[in-house]
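All values derive from a computational prediction rather than experimental measurement. Counting from 1, the numbers follow the sequence of the chain as shown.
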Amino acid sequence: MMACTLAKESWTHAAHFAVALWLLRDRGEAAHADMPGMIRRYNASVGGRNTDTEGYHETITRASLEVAAAALHAAEGAPLSAVLAAMMAGPFGRSDWIFKHWTREVLFSVEARRQWVPPDLQPLPAG
């Protein structure tokens, strides 16, 4: 993904979390600054567009990083593959996990795509 060589069909739900986990373990808080640009570049490399209606989404990216950070914290040094497997076996393994925290109306707003919008249903897990 970082080299923009990953096939578009391989950029799955699990792959998003795998990248988030790796960035968080490797770069710590810098992952929050690095991941948006990586996703935007990757999207463009596979013919995607980053607009107000498609492509990069700030709230989903930040939420995913927060959830991944909480999973890393709870795993206390476990291998990333084990952390990812546990995430995918639990509620965050479902691509609709985010709708327990945001309504569709709020999450798919232009505002939420452009900038962080806090959950309007329930908070994300603390890490």
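- Ion pairing between R27 and D34 holds under the 4.0 Å rule for side-chain N and carboxylate O.
- Counting non-hydrogen atoms of neighbouring residues, nucleotides and ligands closer than 6.0 angstrom, the CD atom of E105 reaches no more than 12 such neighbours.
- Scanning both residues, L65 and A31, for their nearest heavy atoms gives CD1-O, 4.1 Å.
- Here I39 contributes atom CD1 and S64 contributes atom OG; the two are 8.0 Å apart, rounded to the nearest 0.5 Å.
- Pairing each heavy atom of A75 with each of V83, the nearest pair is CB-CG2, 3.5 Å.
- Separation of atoms CG (D52) and CD (E111) is listed at 11.5 Å; rounding is to 0.5 Å.
- Listed for the R41 side chain is a donor-acceptor partner under 3.5 Å among the backbone atoms of G37.
- The structure places CG of L107 at 11.0 Å from NE2 of H101, a figure rounded to the nearest 0.5 Å.
- A distance-only check finds a donor-acceptor pair linking the side chain of R113 to the backbone of G55 [under 3.5 Å].
- Linking Ile, Leu, Val, Met, Phe, Trp and Tyr residues whenever their side-chain heavy atoms come within less than 4.5 Å leaves W97 and L121 in two separate clusters.
- Counting all heavy atoms, side chain and backbone alike, V117 lies closest to T59 at N-OG1, 3.1 Å.
- The CH2 atom of W116 sits 5.0 Å away from the CZ atom of R62 when rounded to the nearest 0.5 Å.
- Across P125 and A70, no two heavy atoms sit closer than the pair O-CB, 4.0 Å.
- Here the CG atom belonging to L24 is positioned 8.5 Å from the CE atom belonging to M35, to the nearest 0.5 angstrom.
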Under 3.5 Å, which donor-acceptor pairs link side chains of residues 86-96 to any protein atom two or more places apart or in another chain?
unit_1: R94; atom_1: NE; unit_2: D96; atom_2: OD1; d: 2.9
unit_1: R94; atom_1: NH2; unit_2: D96; atom_2: OD1; d: 3.3
unit_1: R94; atom_1: NH2; unit_2: D96; atom_2: OD2; d: 2.7

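- In this structure the side chain of V67 reaches within 4.5 angstrom of the side chain of F17, judged on heavy atoms.
- Counting heavy atoms from C-beta on, the side chains of Q122 and K100 come closer than 4.5 Å.
- Side-chain atoms of N50 come within 3.5 Å of backbone atoms of R40 as a donor-acceptor pair (strictly under, hydrogens ignored).
- At least one donor-acceptor pair under 3.5 Å links the side chain of Y42 to the backbone N or O of L6.
- A side-chain donor-acceptor contact under 3.5 Å links T61 to the backbone of H57.
- Side chain of W102 to main chain of P118: a donor-acceptor pair is present (N/O by atom type, distance under 3.5 Å, no hydrogens or angles).
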Requested in this report: Please assess L72 against L80 for the test side-chain contact (heavy atoms from CB on, under 4.5 Å), listing each intermediate value before the final yes or no.
Outcome: CA-CA 8 Å; L72 273 177; L80 292 180; 3.6 Å; yes
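- How far NE2 of H16 is from CG of L84: 13.0 Å, rounded to the nearest 0.5 Å.
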